[in-house]
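Just below is one structure, and these are the notes that go with it.
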Number of protein chains: 4
Amino acid sequence: MARPVNEEKRLERRKRILKEAVILFAEGGYSNTTTAIIAERVGVTPGTIFQYFPSKEALYYAAVLEPLADIQVKSLACLQQEGTPGALIKNMVKEQFNDIYFYTNELRLAQSVLGQRIRFPELTQKVLESIKVMTDAIESVYAEGQLMGEFDKSFSPAMISRSYISFLNGVGLTLGESIIHHPEWENLKGHAYYLFAPIQPKEKLEESK
Amino acid sequence: MARPVNEEKRLERRKRILKEAVILFAEGGYSNTTTAIIAERVGVTPGTIFQYFPSKEALYYAAVLEPLADIQVKSLACLQQEGTPGALIKNMVKEQFNDIYFYTNELRLAQSVLGQRIRFPELTQKVLESIKVMTDAIESVYAEGQLMGEFDKSFSPAMISRSYISFLNGVGLTLGESIIHHPEWENLKGHAYYLFAPIQPKEKLEESK
Amino acid sequence: MARPVNEEKRLERRKRILKEAVILFAEGGYSNTTTAIIAERVGVTPGTIFQYFPSKEALYYAAVLEPLADIQVKSLACLQQEGTPGALIKNMVKEQFNDIYFYTNELRLAQSVLGQRIRFPELTQKVLESIKVMTDAIESVYAEGQLMGEFDKSFSPAMISRSYISFLNGVGLTLGESIIHHPEWENLKGHAYYLFAPIQPKEKLEESK
Amino acid sequence: MARPVNEEKRLERRKRILKEAVILFAEGGYSNTTTAIIAERVGVTPGTIFQYFPSKEALYYAAVLEPLADIQVKSLACLQQEGTPGALIKNMVKEQFNDIYFYTNELRLAQSVLGQRIRFPELTQKVLESIKVMTDAIESVYAEGQLMGEFDKSFSPAMISRSYISFLNGVGLTLGESIIHHPEWENLKGHAYYLFAPIQPKEKLEESK
DNA sequence: TATGAATGAGAGTTCATTCAT
DNA sequence: CATGAATGAACTCTCATTCAT
């Protein structure tokens, strides 16, 4: 009874629609991106979009939330590996700064939702929740790191995690198109970790005295 | 000469239109905000808008750029006062974090432009230029501060100034509506200055050795 | 402040739209009549329709109910004049059979609503209510006529009034286009009154014995 | 020869499609009833409908005309039995008022066609022809009844038959959903026969004098 | 100068129909 | 034969802009 082949085809096409939608919505915004243009890019006719998504808005929701969920999973995974809190965070920062490059459109899309909170209140809530999940995870790892003497104990973990997320988003927002080729890109990545106020080995030594 | 009273009236009305446009565009985005709604909020009829702005797009440009220029002037003024670089920057940070609250709509509007670079390329350029003016100014004050031993010399001023601006924008973007009532708000403000890697008096002493 | 001229113009145009809508909806049904066609008939552009009616459905409602209300007022007026119940009813029948001719479209429109009860439930209710107002009015006049010996006392007034209304609607429905030129038209009108089971003078005499 | 079993299956399925189509078209009208919904109700996929009917319009035609033909056959059969004209007509009235209940959807469907004469002109003609066949049949039986002194001779048979058919249709149209439970239902049925102006035995006696 | 009705191009969405599987 | 995804024309409705008043 099952028709695995067709089901696969459907998912494949759904994915392609979503992919193009992410690009176009990110570049042009919600209203300026017509369903007809998305269809054209995908290589189907206007009606086909609506076989996969009940409405343009539903497509927008999916284009915003589905990639965000993927990114979140990846980021959280960084924090659940073996290693000291400091190493985990360092690794996460590296990973996420790579993501800024690989998921530029996906992240800008989420950011633009935050810029239209009145218009898409539900979606805004979900994006903010997704951010909260991230900051909470960072917070607890960071607190542990403080206990282990890897981070300066004088900062509130809640503040630190929020600072970092703000910084991360701000970087994606304010840097130009070719973000990764920016002359200060590598330095910025380093400064992201500095935000966590890590204690240098030398200082660590001193502190432990 | 001319008709100064009427001229005044015109400017007054233009200002009111712009003010409402900023609020509505910031809340609802460009396409979702109709000229009719703006007119209604201002208390005029749809046609009137077009007596003050040649098109909806022109109104949007003005709504984005004019407040941004004002904020820029204020911020730059902070850096041109009397005082050590460290004091100037500390003051600027304080001022700008206040602005996040007082000019929430104006700043979000500018941010949302950055989220639609393809759609409003010219406007995007102008916003990025405005950001560049700011980072450049910060950069030179910061470099001076480094020379004076107020900031850690190991960081590139270009990177530091960009980091700060990214942070500033990210905070506005990712914090909730009532940003200022966020429990970590005050700490965040403090961390913004930490980002500049200021040298503590004690350290300053050590360093100067 | 009032702009009576414009207000008048608006009402005038609203009336014209409604008039064309009645004709087209009656001839082609709801779905088959496009707002563009209505606009074209009226001599305006498609958008204009929506300055006078918020939606196609609202226009349909108005096209069905407003003429129905007018017809009802006229019909009820017949029953509120001076005269014996028999004379009033006779006059009403005459009036209403004229209306079948003059308001063919309006009445067919109302009938077609009754043919789509599931689709327009609210509208159906209102049309049925309008019919009930009519049957109730007839019922009470008829009952009075029975008391005065003008009508056969063996029939229930409720049944008689419903019979008549059914007959009236059925005539409009089943007779051809040029209803009034039907060879039996005049006879049908007479039979409509026969349906009330009036007592002939001779019979009246007999009965009164 | 051929494949009678499959042929039977085909007919069976065609019947089911038609049955659902009648219900749905009657409840929702032509345009509001999609082929997809019909297919779903029948339990097949959209494409299948078009294996049995060349187009939606053809299905509509069949849904209107085929049941109408059945009903007509039944009604005509009433008039072709043994018995006096009066008895035949009395029986037919009884039969047809039952049909109003049993074939509510089929009859409403036919009525709604009459409400859209411009849109379905051919279909309208066929429905009107079907009505004419009925009135003609009644007319001739009625005329015979008049000759036999069962009906008042002063009425035109053409008018009487049309009156009755109008009444019959009007009753179906204007009475509510649960037509048969209407408190006046039984009385209405009786009045339908009264419309034929039957002569009471006593009167018959008098008249025959 | 302000008005606000009219405009008309263009948006999202629906759905009868087709056809490769 | 049945399927059901794809089609694409056609629909309703929106809204920036114009212009006679």
Side-chain angles (χ1 to χ4, degrees), chain A residues 3 5-7 9-10 13-14 30-39 42-59, chain B residues 3 6 9-10 13 30-40 42-60, chain C residues 3 5-7 9-10 13 31-39 42-59, chain D residues 3 6 9-10 13 30-40 42-60:
Chain A
R3 294 198 169 199
V5 180
N6 283 358
E7 194 57 23
K9 257 189 186 169
R10 271 191 76 82
R13 182 155 279 186
R14 200 192 111 98
Y30 179 77
S31 300
N32 201 44
T33 303
T34 68
T35 53
I37 290 176
I38 298 171
V42 177
V44 296
T45 47
T48 303
I49 300 287
F50 295 91
Q51 292 233 349
Y52 292 85
F53 298 91
S55 68
K56 185 189 180 183
E57 197 154 321
L59 171 57
Chain B
R3 286 178 289 175
N6 282 357
K9 253 189 186 172
R10 269 192 77 80
R13 184 160 278 186
Y30 179 77
S31 300
N32 204 42
T33 303
T34 68
T35 52
I37 290 177
I38 298 171
E40 198 194 355
V42 177
V44 296
T45 49
T48 305
I49 300 286
F50 293 87
Q51 301 254 350
Y52 291 84
F53 298 90
S55 68
K56 186 188 178 183
E57 198 153 322
L59 171 57
Y60 187 62
Chain C
R3 294 197 168 198
V5 180
N6 282 359
E7 194 58 24
K9 257 189 186 169
R10 272 191 76 82
R13 183 155 278 187
S31 300
N32 202 44
T33 303
T34 69
T35 53
I37 290 177
I38 298 171
V42 176
V44 296
T45 48
T48 303
I49 299 288
F50 296 91
Q51 292 234 347
Y52 292 86
F53 298 91
S55 68
K56 185 189 180 184
E57 197 155 320
L59 172 56
Chain D
R3 287 178 289 174
N6 282 357
K9 255 189 185 171
R10 269 192 76 80
R13 184 160 277 186
Y30 178 77
S31 300
N32 204 42
T33 303
T34 68
T35 53
I37 290 177
I38 298 171
E40 198 195 355
V42 176
V44 295
T45 49
T48 304
I49 300 286
F50 293 87
Q51 301 253 352
Y52 292 85
F53 298 91
S55 69
K56 186 188 178 184
E57 198 152 322
L59 172 56
Y60 187 63

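Residue numbers begin at 1 in each chain, while the letters A, B, ... track the order of the sequences. Predicted model, so just to flag it, every value in this text is computed and none were measured.
When each of dG8(F), dG8(E), dC13(F) is scored by its nearest atom to the side-chain atoms of Ser55(C), the top-ranked nucleotide is dC13(F). Which of dA5(F), dT18(F), dT18(E) sits closest to the side chain of Phe50(D) comes down to dT18(E). Among the nucleotides dT3(F), dT17(F), dA6(F), the one closest to the side chain of Val44(D) is dT3(F). With dG12(E), dT17(E), dA6(E) as the choices, the nucleotide that has an atom nearest any side-chain atom of Thr48(C) turns out to be dA6(E). For Gln51(C), taking side-chain heavy atoms from C-beta onward, the closest of the listed nucleotides dG12(E), dA16(F), dT7(E) is dT7(E). Here dT1(E) is the nucleotide among dT3(E), dA6(E), dT1(E) with the atom lying nearest to any side-chain atom of Arg10(B). Here the nucleotide nearest the side chain of Thr45(D), chosen from dA5(E), dC11(F), dT3(F), is dT3(F).
Each of Pro46(C) and Gly43(D) lies near DNA chain F, and the nucleotide nearest Gly43(D) is the one positioned closer to the 5' end. Comparing Asn32(D) and Tyr30(A) against DNA chain E, the residue whose closest nucleotide sits nearer the 5' end is Tyr30(A). Of the two residues near DNA chain F, Thr33(C) and Gly47(B), the one whose nearest nucleotide lies more 5' is Thr33(C).
Spacing between atom CD of Glu57(B) and atom C1' of dA16(F) amounts to 12 Å, rounded to whole angstrom units. Residue Leu59(B) contributes atom CG, which lies 10 Å from atom P of dT17(F) at whole-angstrom precision. The nearest whole Å value for the distance from the CD1 atom in Ile49(B) to the P atom in dA16(F) is 10 Å. dC15(F) atom P lies 8 Å from atom NZ of Lys56(B), rounded to whole Å. The nearest whole Å value for the distance from the NZ atom in Lys9(A) to the P atom in dA20(E) is 12 Å. If you measure from atom CD of Glu40(B) to atom C1' of dA2(E), you get 17 Å, rounded to the nearest angstrom. Note: CZ (Phe53(B)) to C1' (dT18(F)) measures 19 Å, nearest angstrom.
Annotation for Arg10(A) and Gln51(A): closest pair NH2-O, 3.0 Å, computed over non-hydrogen atoms. The shortest non-hydrogen separation linking Thr33(A) to Lys56(A) is O-NZ, 2.9 Å. Taking every heavy atom of both residues into account, Ser31(A) and Ser31(B) meet most closely at CB-CB, 2.8 Å.
Contact between the side-chain N/O atoms of Arg13(B) and the OP1/OP2 oxygens of dT1(E) is not found at any separation under 4.0 Å. Not one side-chain nitrogen or oxygen of Tyr52(D) sits closer than 4.0 Å to the OP1 or OP2 atom of dC1(F).
Atoms CZ and CZ, from Phe50(C) and Phe53(C) in turn, are 11.0 Å apart once rounded to the nearest 0.5 Å. Distance check: Tyr52(D) OH to Arg13(D) CZ gives 5.0 Å after rounding to the nearest 0.5 Å. Once rounded to the nearest 0.5 Å, the distance linking CD1 of Ile49(B) with CD of Glu40(B) reads 11.0 Å.
Looking at heavy-atom distances under 4.0 Å, Thr34(C) makes contact with sugar-phosphate atoms alone, never a base.
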Give the dot-bracket line for DNA chain E from 5' end to 3' end: parentheses for intra-strand Watson-Crick or G-U pairs under 3.5 Å, square brackets for crossings, | for inter-strand pairing, dots for unpaired. .||||||||||||||||||||
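No side-chain heavy atom of Tyr30(A) sits under 4.5 Å from any side-chain heavy atom of Asn32(B). At least one side-chain heavy atom of Ile38(B) sits less than 4.5 Å from a side-chain heavy atom of Leu59(B).
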